[in-house]
Q: 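To start, I am sharing the structure in question, which I have written as structure tokens.
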There are 2 protein chains.
Amino acid sequence: MDEAVPRRRTRIQAEKREVILGAALEVFSAHGFRGATIDQIAEAAGMSKPNLLYYFRRKEDIHTALIQRLLDTWLAPLREMDAAGDPVTELRSYIRRKLEMARDFPRESRLFANEILQGAPRIMPLLEGELKDLVDEKVVVLRGWMRAGRIARTDPWHLIFAIWATTQHYADFDVQVRAVLGPDRGGDGRFEDAARFLEQLFVNGLKPGG
Amino acid sequence: MDEAVPRRRTRIQAEKREVILGAALEVFSAHGFRGATIDQIAEAAGMSKPNLLYYFRRKEDIHTALIQRLLDTWLAPLREMDAAGDPVTELRSYIRRKLEMARDFPRESRLFANEILQGAPRIMPLLEGELKDLVDEKVVVLRGWMRAGRIARTDPWHLIFAIWATTQHYADFDVQVRAVLGPDRGGDGRFEDAARFLEQLFVNGLKPGG
DNA sequence: TTAACGTTTGTCCGTTCGGTCAAAATTCTG
DNA sequence: CAGAATTTTGACCGAACGGACAAACGTTAA
């Protein structure tokens, strides 16, 4: 087996690849795939371009490596939504966790958003596979709660979309949010305000019999 | 006055500029500012690159022209939200109109999203000026409705963000929405489903005393 | 008809891009 | 320490990029 990038064995390999992925996350999330340059990533990673290309042969390899490792983290909150739990508690904590991710990992959110916005050319299989499967599974859970009369009957798919949209908005559209809120209201408190609002919106919006 | 681009007098000037803006909308919304090339836009507009550069001297000029003319259309639905109207009706039709725009003008939505995602380097003044002013104005309207007990007391800014996020999601994340819904549910009906869901969510979520 | 003005094009330029390569420097292993 | 393997670098390449320019082509109005 003629490996192009040497088999990942050494300590240096692991460390440098980590540094590169960190730098690439910064650059890709800020400029998109085409907008990001290898030189930018190399500079952010503190190494020369050929050195970077020694660890990842092509620009696209960095990008796919990033997305691959991200997906699990990203879907974890939804995975944790438990059919056996209390629906309101489950939804509430799902929203809270997604909002925390928007606050703590905005670059990851923007990396995804950039990719989807431009037609998901590099991750379409993931969307139609892993992501769709997970959503289908949770749709069943939501339907169960609806049939049991524990939350209002409504479209479970669009409910999930609404949670995604409202939470990720605070990462993806952060500059707009801060611009509109202004200096006073746009401080660190905006995430708590958002959490309170979204909790109220979804909990009341999904009250059974609504 | 030494004008670089000839003063817009002729019929051809007006027509060609229109064609270029249409082509540029297509290309910019699909690839972002940096990802789009002048050649792509020229080809989509059916003319040579130098010919295109005769009407717009620089790539950035096309982009700013696009955004400038877009902003009015884009904010029109919010502008129409009338303090004198019935709150539920006003909110419902605001949501419906925003959703129609996501359906009918997805490229415009993605153009904005691309710009915001990458830090709004070219439209920050618009966000802090015109956009913020309009939101501030409508926040007063929402606050009035809340004080009158006609909708639930909640954070008016985040309410507006939630409406933006949920509606624009169907334009900006269209490929993801369709991938998750699959071929059967992802057809043209998805906008009506979304409208029904969002109406229910926001109307119930904002019931007074909630 | 012709001169002025508006439009279009082929060609070219300097820069930046993604990526290669051979050689040098470093680290690892016996 | 010696030699093998790994890591780093400077120099370089072809393609694509944004943009410039003069010449050619159309159009129009005196």
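No experiment lies behind these values; they were computed from the predicted model shown.
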Q: Between K98(B) and Y170(B), does a side chain to side chain contact (heavy atoms under 4.5 Å, CB included) hold up when you go through it step by step?
A: CA-CA 10 Å; K98(B) 282 289 285 181; Y170(B) 291 94; over 6 Å; no
Q: Can you measure Y55(B) atom OH to dG6(C) atom P for me and round it to whole angstrom units?
A: 11 Å
Q: When you look at F33(A) and Q118(A), which way does the side chain to side chain contact (heavy atoms under 4.5 Å, CB included) test go after all the steps?
A: CA-CA 9 Å; F33(A) 181 77; Q118(A) 299 180 8; 5.5 Å; no
Q: dT20(C), OP1 or OP2 - any side-chain N/O from R58(A) closer than 4.0 Å?
A: no
Q: Specify the separation, in whole Å, of atom CG of D39(A) and atom C1' of dG18(C).
A: 9 Å
Q: Considering just the side-chain nitrogens and oxygens of Y54(A), establish if one lies under 4.0 Å of OP1 or OP2 belonging to dT9(D).
A: no
Q: How would you label the contact of A36(B) with the nucleic acid (heavy atoms, under 4.0 Å): base, sugar-phosphate, or nothing?
A: sugar-phosphate
Q: Might you list the N or O atoms of the protein lying below 3.5 Å from N or O atoms in nucleotides 23-26 of chain C, with each pair's distance?
A:
none

Q: Please determine if a side-chain N or O atom of Q13(B) lies less than 4.0 Å away from the OP1 or OP2 oxygen of dG6(C).
A: no
Q: Output the rounded distance in Å from CZ (R17(B)) to C1' (dT8(C)).
A: 17 Å
Q: More than 12 non-hydrogen atoms from neighbouring residues, nucleotides or ligands closer than 6.0 Å to CD on E199(A), yes or no?
A: yes
Q: Nearest whole angstrom, please: distance from the P of dG18(D) to the CZ of R34(B).
A: 10 Å
Q: Quick one, E115(B) and P121(B) - any side-chain contact, counting heavy atoms below 4.5 Å?
A: yes
Q: Output a table of nitrogen or oxygen pairs between the protein and nucleotides 27-29 of chain C separated by less than 3.5 Å.
A:
unit_1  : atom_1 : unit_2 : atom_2 : d
dC28(C) : OP1    : R11(A) : NH2    : 3.1

Q: Under 4.0 Å, heavy atom to any atom of DNA chain D: which of residues 44-51 of chain B qualify?
A: K49(B), P50(B)
Q: More than 12 heavy atoms of other residues, nucleotides or ligands under 6.0 Å from CZ of F191(A): is that the case?
A: yes
Q: Rounded to whole angstroms, how far apart are CD1 on I38(A) and P on dA16(D)?
A: 16 Å
Q: Does a sphere of radius 6.0 Å around CZ in R79(A) hold more than 12 heavy atoms from other residues, nucleotides or ligands, not counting ones at 6.0 Å or beyond?
A: yes
Q: Step by step, would you call E18(A) with R69(A) a salt bridge (charged side-chain N to carboxylate O under 4.0 Å, His left out)?
A: CA-CA 11 Å; E18(A) 211 55 38; R69(A) 80 149 43 184; 2.7 Å; yes
Q: Are L198(A) and F161(B) side-chain neighbours, meaning at least one heavy-atom pair lies under 4.5 Å?
A: no
Q: Is the backbone of T37(B) close enough, under 3.5 Å, to the side chain of Q40(B) for a donor and an acceptor to pair up by distance?
A: yes
Q: Between R57(B) and dG18(D), is there a side-chain N or O to OP1/OP2 distance below 4.0 Å?
A: no
Q: Would a 4.5 Å heavy-atom cut-off, applied to side chains only, mark L201(B) and H158(A) as touching?
A: no
Q: By nearest atom, which of the nucleotides dC17(C), dT20(C), dT7(D) is closest to the L53(A) side chain?
A: dT20(C)
Q: Could you tell me the separation between the NZ atom of K59(A) and the P atom of dA16(D), rounded to a whole number of Å?
A: 14 Å
